[in-house]
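What follows is one structure encoded as structure tokens, with my remarks underneath.
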Amino acid sequence: FRSNDGDILIKNLASGEKIEYVIAGSLTGDIGRGEIIKAMVGFKKGGEFYAYDKGESSTMIREPEILITQTVEKSVENANTGDIIYFKIKAKNTSDAGLIGVEVGSKLEGNAIDFSSVKVENGIIKADNTILWNSSGILQFAYFLPSQEVELSFSLRIKDRLPITNAMAKNFIVSSSPYVNAAALSEEIAGNTVNIKVNSKLVLTEKGFYWDDGKLKNSGPIPPRVGKTTTYTIHWQLLNLANDVKDAKVSAILPAGVGWSNSMEVTNGNLDFNNITRTVTWNIGAIPANVSIKLPTYEAVFQVSVNPAQADVGSALTLLGQAAVSGIDEFTGVELYSSVPAKTTELKEDGKLRFEDYKVSY
């Protein structure tokens with residue numbers, strides 16, 4: 001058991017009982033420098049630690065026989081679905097002797113990886129999703145000379161559709177952990193693991209209706225006529241993939257000549273219209289992962305009106321300017337954004353409207 005401050009907690013220890021703990025970790029410091037590791041056993045009381053016993057040991061930080069480092073093209077830390085990520089691994093013999101039978105591998109982990117897309121130069125992909133390079137593809141690994149360095153590369157693709165099996169499936173990570181083995185090495189040498197976070201995808205869908213859609217009832221002539229008022233209903237729906245999002249909002253400009261009816265229905269957040277800037281804003285705030293996938297859809301519905309002029313005859317009218325949604329991915333810290341084109345009276349999604357109903361008439 002471990003406490004919040006990192007202490008290992010022993011709940012009960014019977015007389016004569018022995019408990020052994022193995023602690024693994026890593027040390028940082030300069031090559032050739034000695035580091036001291038200390039440990040104490042005791043109890044805490046009133047914020048103070050009282051030791052029954054303590055011990056310490058020292059170790060020397062030395063350079064490994066083979067130095068293995070991993071980088072990602074453009075130093076990518078976050079990726080979108082469908083992105084291709086390019087990796088490079090460098091292996092260098094830092095010892096004074098040649099090494100035989102060198103093998104470099106990298107273990108790939110993360111169910112956001114499209115493993116069928118993995119491409120590797122001069123290496124193989126094993127059944128356990130490990131990439132392996134040896135002397136079969138890299139001749140230098142048969143006898144790796146002192147100071148010799150080899151650069152290896154591979155790429156992978158993030159799935160277009162993440163495996164979201166339930167509402168809690170979120171915060172996907174793609175991981176590559178390199179390592180190296182050789183006949184003369186007493187143990188495997190690990191390189192630096194790279195973890196790439198997968199961004200959420202915040203998608204706005206916009207639809208418009210005249211005929212009853214079960215939300216707000218519209219009125220006025222169809223097709224719209226000069227000097228007559230016709231109302232339409234706009235639906236905004238949101239889909240949020242993979243991660244929780246904060247500070248989310250949708251906004252659009254209401255064109256000149258289009259009226260705001262103040263009739264609306266909103267499932268989450270609040271909807272406002274600024275008459276000075278003519279901006280419609282849906283302030284949602286927080287959106288949990290997998291809304292519209294494993295969780296109910298977030299929707300805002302509002303009504304607008306048009307009163308066409310003679311100059312509009314024969315044309316479709318613009319009901320709403322380009323609408324855009326934005327928010328901050330809480331897992332990756334990336335600002336998410338997507339938009340939809342301006343919405344006109346050409347409402348193909350309204351199955352009851354005919355083509356001739358789209359354009360203004362006398």
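FYI, the numbering just counts along the sequence from 1.
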- Message: Please list all pairs meeting ring-ring contact (aromatic ring centres under 6.0 Å, His included) that have one or both residues in residues 248-273, counting only residues at least two apart or in different chains.
- Response: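 Every ring-ring contact (aromatic ring centres under 6.0 Å, His included) pair that includes a residue of residues 248-273, provided the two are not neighbours, is W260-F273, W260-F302.
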
- Item | Any pair counted as ring-ring contact (aromatic ring centres under 6.0 Å, His included), so long as it reaches residues 311-333, sequence neighbours left out |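 Applying ring-ring contact (aromatic ring centres under 6.0 Å, His included) to every pair that reaches into residues 311-333, excluding sequence neighbours, yields nothing.
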
- Query: After noting the C-alpha distance and the side-chain angles of V198 and N80, does the key distance pass the side chain to side chain contact (heavy atoms under 4.5 Å, CB included) rule?
  - Reply: CA-CA 6 Å; V198 180; N80 298 315; over 6 Å; no

Can you tell me how far apart [atom1] ([X]) and [atom2] ([Y]) are? Round to the nearest 0.5 Å.
X	Y	atom1	atom2	answer
N93	S147	CG	OG	7.0 Å
E206	Q237	CD	CD	11.0 Å
Y298	I284	OH	CD1	9.0 Å
N218	T230	CG	OG1	9.0 Å
I138	E151	CD1	CD	10.5 Å
D357	E346	CG	CD	11.5 Å

Non-hydrogen side-chain atoms of [X] and [Y] separated by less than 4.5 Å:
X	Y	result
Y358	K348	yes
N181	V102	no
V76	F87	no
S315	K359	no
N78	I196	no
S106	Q70	yes
V250	L204	yes
V203	L238	no

- Task: Decide yes or no on side chain to side chain contact (heavy atoms under 4.5 Å, CB included) for Q303 and Y232, but give the supporting numbers first.
- Result: CA-CA 6 Å; Q303 195 174 64; Y232 294 90; over 6 Å; no

- Listed partners of E56 passing salt bridge (charged side-chain N to carboxylate O under 4.0 Å, His left out), at least two apart: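 In terms of salt bridge (charged side-chain N to carboxylate O under 4.0 Å, His left out), with neighbours along the sequence ignored, E56 is linked to no residue.
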
- Who pairs with K246 by side-chain contact (heavy atoms from CB on, under 4.5 Å), at least two apart in sequence or on another chain?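 Applying side-chain contact (heavy atoms from CB on, under 4.5 Å) to K246 gives I328, E330.
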
- Residue list, side-chain contact (heavy atoms from CB on, under 4.5 Å) with R157, at least two apart or on another chain: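 Only I84, D114, S117, D160 meet the side-chain contact (heavy atoms from CB on, under 4.5 Å) criterion with R157.
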
- Do F43 and Y52 make the cut of ring centroids closer than 6.0 angstrom?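 Yes, close enough.
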
Basic-acidic side-chain contact under 4.0 Å: [X], [Y]:
X	Y	result
K107	E109	no
K215	E299	yes
K88	E73	no
E65	K92	no

Does [X] [atom1] have over 12 foreign heavy atoms under 6.0 Å away?
X	atom1	value
I173	CD1	yes
Q310	CD	no
E77	CD	no

- Task: Indicate whether any N or O donor in one side chain lies under 3.5 Å from an N or O acceptor in the other, for T279 and N274.
- Result: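 No, no side-chain donor-acceptor contact under 3.5 Å.
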
- Would you tell me whether T281 and D272 have side-chain atoms, one donor and one acceptor, within less than 3.5 Å of each other?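 The criterion, which ignores hydrogens and geometry beyond distance, is not satisfied for D272 and T281.
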
Expected output: side-chain [X] to main-chain [Y] donor-acceptor under 3.5 Å:
X	Y	answer
D329	N199	no
R278	P255	yes
T318	L320	no

- Task: In sequence, state the C-alpha distance, the side-chain angles, and the governing distance for V120 and W133, and then conclude on side chain to side chain contact (heavy atoms under 4.5 Å, CB included).
- Result: CA-CA 9 Å; V120 54; W133 294 270; 3.4 Å; yes

- Tell me who clusters with Y337, hydrophobic residues only, linked when side chains sit under 4.5 Å apart either directly or through other members.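 The other cluster members (ILVMFWY side chains, heavy atoms under 4.5 Å, direct or chained): none.
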
- Task: Tell me, with the steps shown, if V301 and I234 meet side chain to side chain contact (heavy atoms under 4.5 Å, CB included).
- Result: CA-CA 6 Å; V301 181; I234 303 296; over 6 Å; no

